[in-house]
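So the structure is just underneath, and the comments pick up after that.
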Amino acid sequence: MVVGVGLDVERSKVRDCEEAAAGFHTEKRGNVFLDRVEKICFYVIKVAARHISYRTLFHTILILAFLLPFVFILTALVTLEGANKCSSLDCLGRRLGPRFLGRVDDSGKLVKDFYKILNQVITEEIPEGLKLPDSFSQLVSELKNNQYDAKNVAFSLRAMMEKLEREIRESKFSELTNKHFAASSIPKGLYCLSLRLIEEYSTNAYARRQLPPPELLHVLSNSSYRHFVLSTDNILAASVVVSSVVQSSVEPEKVVFHVITDKKTYAGMHAWFALNPVAPVIVEVKGVHQFDWLTRENVPVLEAVESHDVVRNYYHGNHIVGANLSDTSPQTFASKLQARSPKYISLLNHLRIYLPELFPDLDKVVFLDDDVVIQRDLSPLWEINLQGKVNGAIETCKGEDEWVMSKHFKTYFNFSHPLIAKYLDPDECAWAYGMNILDLRAWRKTNIRETYHFWLRENLKSNLTMWKLGTLPPALIAFRGYVHPIDPSWHMLGLGYQSKTKIKNVKRAAVIHYNGQAKPWLEIGFEHLRPFWTKYVNYTNEFVRSCNILQW
């Protein structure tokens, strides 16, 4: 009842306030009237405020309790989605809000318009005579001065990018070409070393002494020793291979080295090992001209290879003329340059296919390339059971490295050639030359050499369209069915290809192979990989010092 009376009083005062306000508009009754109006209205407003606060406070708190979590979640979504990728209600507010306030953001429309212009520019020809700025800052300056439209700006940017891409591509091909010539040439220091040793051979009787001495000649055909064969015309590289074997061998007195070189290098090679003995290892140095079996009658294919005009032009001609660089990747171009090394038509490089005939009294040998270093005793290689196979080698199709360890037949052969497609499988696994265990007794029971010659002749008839990478492709065919895979830890490849080779892996390998262009004796060799080779170079040798073969 009291509450009802109170409400009636408040309503009455509200009516009084309304009447007083109406009277104020019709006539002026003095200050007393104004004071009365102010008091009545103030009381009403005060009461109304208290009345609204009491009645709505609970509901307001309840609504806020529901809304605040949603506001927090929406804010978090905007933060996570980013300013440019809005899908929440907050983004909707940001888009509609400026429109309600009369502030329309046209940036989205401008971006769409610019995308449209870019799409047009991509499909249209660049205007002839378009003058390109030399730098981006110059472009900005010209835009300010000339006030180009968006399409001209887009054309300028496109032309600048295409020009830059061409220059980078040309620079890369030029670098690869220069690297190829650096890898194919003989460094001045090595050339000097060969000349100095040849001179020493002609003037110093000790440099001409018999290798090995007469009392050890019988060892050269004794199969109870561990025989290594090395074919090279690089004297310094040969010294590193032999020295690394000596220092890594558990029983160096059981090691015999057969170093084969060409006629022009024979005197210098002989002088080096005569003047720098590596006892107790036994070293024999022979030139190809000293093997009675190596005649043109026995190896007619080699004469054909050396005299074939296409072969000579391919390996000794201009490597750039006729090359379609616009459709060639740098890696493909590098591989083609590597394939055109003149060493691939050298008799020394083909010599390994004749080992059973060159060493008729030996049963098993390990063949080494001249760009390897031996870091572990290799005597266990002679204990590996090849299970009747001829060639013990690591497979090169088991890794992810595209340069070295992911090689299949399709890497080396042209399978668009009908003869290749008919007889070979493109997915067959390749294997590595450079460190091979060769069972010469099993080899002599096969026709490997004849198969090798047959495919060389066929490739010559096809003007080198079957393959173009040296001696490995015909060997891959000739040794098919005669290869026994050995553990990859015996032979690590790629130190002449990859600058990112892991040092810890290099240290674990028994034999490390600098196959590729970046040989350790060249300036283009990788600095962090070179010490594994240079540690076996005798920098105190008078000939090494006089030829300025300096330690890197």
Side-chain angles (χ1 to χ4, degrees), residues 226-232 241 245 258 344 348-356 358-359 362-399 401 403-413 424-425 427-449 451-452 455 467 469-497 505 508-516:
R226 301 182 186 100
H227 294 262
F228 292 89
V229 178
L230 173 65
S231 177
T232 180
V241 175
V245 169
H258 305 269
Y344 290 128
L348 289 177
N349 205 43
H350 290 271
L351 201 63
R352 67 193 86 192
I353 202 67
Y354 306 117
L355 291 179
L358 300 183
F359 301 99
L362 297 181
D363 296 333
K364 184 180 288 188
V365 301
V366 170
F367 185 88
L368 297 173
D369 275 351
D370 63 359
D371 53 356
V372 304
V373 171
I374 289 77
Q375 303 185 126
R376 199 166 71 222
D377 179 42
L378 298 185
S379 58
L381 291 177
W382 274 263
E383 307 303 322
I384 294 177
N385 183 3
L386 297 182
Q387 300 179 6
K389 306 295 184 180
V390 173
N391 182 2
I394 68 162
E395 293 181 311
T396 55
C397 65
K398 304 297 186 181
D401 167 28
W403 276 110
V404 179
M405 295 305 292
S406 60
K407 304 294 188 182
H408 296 79
F409 274 30
K410 59 187 174 185
T411 307
Y412 299 99
F413 296 102
L424 302 182
D425 177 5
D427 295 321
E428 187 169 341
C429 189
W431 46 268
Y433 257 159
M435 198 285 291
N436 303 85
I437 314 161
L438 299 171
D439 187 335
L440 302 185
R441 287 183 301 177
W443 190 339
R444 295 184 184 101
K445 300 175 183 178
T446 70
N447 61 346
I448 290 175
R449 175 166 57 89
T451 303
Y452 188 89
W455 284 95
W467 71 81
L469 185 59
T471 56
L472 181 57
L476 291 175
I477 302 175
F479 282 98
R480 289 185 75 196
Y482 298 110
V483 178
H484 177 74
I486 63 175
D487 192 279
S489 65
W490 283 110
H491 185 187
M492 181 179 182
L493 296 159
L495 275 70
Y497 280 119
N505 295 336
R508 287 200 296 259
V511 176
I512 56 175
H513 193 172
Y514 291 85
N515 61 310

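One is the number of the first residue; the rest follow in order along the sequence.
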Please examine the side chains of [Y] and [X], heavy atoms only from C-beta on, and report whether any two atoms are closer than 4.5 Å.
{"X": "Asn515", "Y": "Tyr433", "value": "no"}
{"X": "Tyr482", "Y": "Leu386", "value": "no"}
{"X": "His258", "Y": "Val365", "value": "no"}
{"X": "Ile384", "Y": "Trp490", "value": "yes"}
{"X": "Ile374", "Y": "Leu368", "value": "yes"}
{"X": "Thr451", "Y": "Phe479", "value": "no"}
{"X": "Thr232", "Y": "Leu348", "value": "no"}
{"X": "Pro474", "Y": "Trp467", "value": "yes"}

Looking at every heavy atom in both [X] and [Y], which two are closest together, and how far apart are they?
{"X": "Thr411", "Y": "Ser406", "result": "OG1-O, 4.2 Å"}
{"X": "Asn436", "Y": "Ala393", "result": "ND2-CB, 3.4 Å"}
{"X": "Asp377", "Y": "Pro380", "result": "O-CD, 3.5 Å"}
{"X": "Cys429", "Y": "Glu395", "result": "SG-CB, 3.7 Å"}
{"X": "Lys389", "Y": "Ala442", "result": "O-CB, 4.0 Å"}
{"X": "Leu351", "Y": "Ser231", "result": "CD2-OG, 3.8 Å"}

Verify, without hydrogens or angle tests, whether [X] (side chain) and [Y] (backbone) share a donor-acceptor contact under 3.5 angstrom.
{"X": "Asn385", "Y": "Glu383", "answer": "no"}
{"X": "Thr471", "Y": "His350", "answer": "no"}
{"X": "Arg376", "Y": "Arg508", "answer": "yes"}
{"X": "Asn391", "Y": "Leu438", "answer": "no"}

Could you state the interatomic distance from [atom1] ([X]) to [atom2] ([Y]), rounded to the nearest 0.5 Å?
{"X": "Ile486", "Y": "His491", "atom1": "CD1", "atom2": "NE2", "answer": "8.5 Å"}
{"X": "Arg226", "Y": "Lys364", "atom1": "CZ", "atom2": "NZ", "answer": "11.5 Å"}
{"X": "Asp425", "Y": "His408", "atom1": "CG", "atom2": "NE2", "answer": "9.0 Å"}
{"X": "His513", "Y": "Leu493", "atom1": "NE2", "atom2": "CG", "answer": "6.5 Å"}
{"X": "Asn505", "Y": "Leu495", "atom1": "CG", "atom2": "CG", "answer": "10.0 Å"}
{"X": "Lys410", "Y": "Glu428", "atom1": "NZ", "atom2": "CD", "answer": "12.5 Å"}

>> Does Tyr412 form a ring-ring contact (aromatic ring centres under 6.0 Å, His included) with Trp431? I'd like the steps, not just the answer.
In response: CA-CA 11 Å; Tyr412 299 99; Trp431 46 268; 9.6 Å; no
> Any salt bridge between Arg352 and Asp369, counting N to O under 4.0 Å?
Replying inline: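 Between Asp369 and Arg352 there is a salt bridge, with a charged N closer than 4.0 Å to a carboxylate O.
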> Is it true that His227 and Phe359 have ring centroids separated by less than 6.0 Å?
Replying inline: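 Centroid distance His227-Phe359: not below 6.0 Å, so no.
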> What is the ring orientation for Phe409 with Phe413, classed by angle as parallel under 30°, tilted 30 to 60°, or perpendicular over 60°?
Replying inline: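 Geometry flag for Phe413 against Phe409: tilted rings.
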> Taking only residues two or more places apart in sequence or in another chain, which ones pass salt bridge (charged side-chain N to carboxylate O under 4.0 Å, His left out) with Asp439?
Replying inline: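 With neighbours one apart ignored, the set is empty.
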